[in-house]
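Excluded from the calculations below are hydrogen atoms, water molecules and symmetry mates; all remaining heavy atoms, backbone and side chain alike, are included. Labels below follow one simple rule: chain letters A, B, ... track the order of the sequence lines, proteins then strands, and each chain is numbered from 1.
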Amino acid sequence: MSKFKDRIIQIVRSIPEGKVASYGQVALIAGYPRGAQQVGWILHIAGGENGTPWWRVINNQGKISTKCIEHTPSIQKRMLEEDGIIVAKNLDIDIEKYRWRPSIKELKKLKLDDEYIYVIESKYNH
DNA sequence: GCTATGACAAGGA
DNA sequence: CTCCTTGCCATAG
């Protein structure tokens with residue numbers, strides 16, 4: 001069990017129903033600003049473990065980009081719709097409308113220092 | 001330790 | 001908007 005994996009899973013599990021986050025956003029909040037691609041990989045091997053809502057993570061262009069045969073795009077689309085999120089036929093999602101914007105208090109619980117939390121806030125709350 | 005592989009992202013054409 | 005290039009970095013072999 002790597003620290004990285006645990007961290008990513010922890011963040012993904014804290015995404016509330018009805019909200020989505022991008023791979024880069026999850027990586028950023030987890031404390032790995034440039035680990036977007038690794039998030040996809042972690043979800044590929046660990047997605048589905050202990051109730052991890054892997055389907056709430058999409059790319060920053062608002063599209064579903066899974067290629068995993070265990071977790072196909074159609075499955076992800078259905079899971080998102082069950083969360084109340086509108087997904088177009090071409091797998092497009094209005095990410096800015098549904099984007100998860102964790103509060104300062106929520107971020108502090110993740111043991112991130114104040115300066116770093118400010119960076120996250122300024123990036124997604126403009 | 002070194003190379004190859006990406007469920008990615010951002011910027012240029 | 002689409003297509004392409006470059007930068008990224010944890011894992012697997």
To the nearest 0.5 Å, how far apart are [atom1] in [X] and [atom2] in [Y]?
X: A:I64; Y: A:I93; atom1: CD1; atom2: CD1; answer: 4.5 Å
X: A:I11; Y: A:Y32; atom1: CD1; atom2: OH; answer: 10.5 Å
X: A:I117; Y: A:L110; atom1: CD1; atom2: CG; answer: 8.0 Å
X: A:E106; Y: A:I29; atom1: CD; atom2: CD1; answer: 8.5 Å
X: A:D113; Y: A:L107; atom1: CG; atom2: CG; answer: 11.5 Å

Would you find more than 12 non-hydrogen atoms of other residues, nucleotides or ligands less than 6.0 Å from A:E115 atom CD? no
Under the ring pair (Phe, Tyr, Trp, His ring centres under 6.0 Å) test, which residues partner A:Y98, sequence neighbours left out? none
Pairs: protein N or O with nucleotides 11-13 of chain B N or O, under 3.5 Å:
none

Starting from the C-alpha separation in whole Å, work towards a yes-or-no answer on ring-ring contact (aromatic ring centres under 6.0 Å, His included) for A:H71 and A:W55. CA-CA 9 Å; A:H71 311 116; A:W55 59 87; 9.3 Å; no
What's the shortest heavy-atom distance between A:Y116 and A:P33, and which atoms? OH-CG, 3.4 Å
Smallest separation among heavy atoms of A:E70 and A:I75, with atom names: O-CD1, 3.8 Å
For [range], which residues have at least one heavy atom under 4.0 Å from DNA chain C?
range: residues 60-79 of chain A; answer: none
range: residues 29-45 of chain A; answer: A:R34, A:Q37, A:Q38, A:W41
range: residues 6-24 of chain A; answer: none

NZ/NE/NH1/NH2 to OD/OE distance under 4.0 Å, A:K19 and A:D83: no
Can you tell whether the side chains of A:R101 and A:E96 come within less than 4.0 Å, N to carboxylate O? yes
First-last contacting nucleotides on DNA chain C - partner chain A, under 4.0 angstrom, heavy atom: C:dC8 to C:dA12
Under 3.5 Å, is there a donor-acceptor pair between the side chain of A:T66 and the main chain of A:C68? yes
Has the side chain of A:R56 got a donor or acceptor atom that lies under 3.5 Å from a matching backbone atom of A:V20? no
Of A:I95, A:N59, A:I58, which is the lone residue that meets side-chain contact (heavy atoms from CB on, under 4.5 Å) with A:S22? A:I95
How many whole angstroms separate atom CG of A:N59 from atom P of B:dG6? 17 Å
